[in-house]
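The basis for the numbers below is simple: all heavy atoms, side chains too, and nothing from hydrogens, waters or symmetry mates.
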Amino acid sequence: MTQGQAGSLGDAQRQATCGMVQWLQQDPRLSFSESAQVLGRAVKYSVANLAGRSSVGPGKMDKALLTQRWKQD
């Protein structure tokens with residue numbers, strides 16, 4: 001799970017997505033293209049907070065999806 005916080009919900013979700021891509025490239029060592037494919041199918045966004053001038057939008061992904069990929073290789 002990654003979280004973004006910004007003035008708009010779109011910007012918060014963009015930050016969460018960037019954080020998820022960075023994690024996917026560091027820990028499971030996926031390429032940028034592989035990360036985009038995983039996120040396109042697996043990430044789920046929710047709205048955590050829209051109060052005031054700050055929006056929080058976490059992105060979540062089931063880590064088990066990555067272990068299934070490694071078992072196939």
Side-chain angles (χ1 to χ4, degrees):
M1 179 174 148
T2 57
Q3 181 171 302
Q5 183 172 355
S8 72
L9 183 58
D11 288 342
Q13 288 180 331
R14 209 172 347 274
Q15 286 180 359
T17 302
C18 288
M20 187 74 70
V21 168
Q22 289 174 353
W23 176 77
L24 287 170
Q25 290 179 328
Q26 289 173 1
D27 189 24
R29 298 191 176 270
L30 299 180
S31 69
F32 182 78
S33 178
E34 290 170 326
S35 298
Q37 291 175 25
V38 169
L39 291 178
R41 300 195 81 192
V43 74
K44 295 178 183 180
Y45 295 100
S46 58
V47 178
N49 184 16
L50 287 175
R53 296 183 181 181
S54 180
S55 297
V56 177
K60 301 174 186 178
M61 182 183 70
D62 186 3
K63 199 172 181 179
L65 295 171
L66 296 175
T67 58
Q68 289 173 1
R69 177 192 176 269
W70 288 323
K71 287 179 184 177
Q72 292 175 354
D73 290 345

In residues 54-61, what donor-acceptor pairs under 3.5 Å come from side-chain atoms, sequence neighbours left out?
{"residue": "S54", "atom": "OG", "partner": "Q5", "partner atom": "NE2", "Å": "2.8"}

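When the side chain to side chain contact (heavy atoms under 4.5 Å, CB included) test is applied to Q22, no partner is found at least two apart in sequence or on another chain. Legend: residues meeting side chain to side chain contact (heavy atoms under 4.5 Å, CB included) with Q13, ordered by chain and number and at least two apart, are L9, Y45. Here D11 pairs with R14 under the salt bridge (charged side-chain N to carboxylate O under 4.0 Å, His left out) rule; sequence neighbours left out.
In terms of heavy-atom proximity, R29 sits nearest to Q26 at CG-O, 3.5 Å.
Judged as a salt bridge (Lys or Arg N to Asp or Glu O under 4.0 Å), not a single pair has a partner in residues 35-45 (not counting sequence neighbours).
Counting heavy atoms from C-beta outward, L39 and T17 have side chains that approach closer than 4.5 Å.
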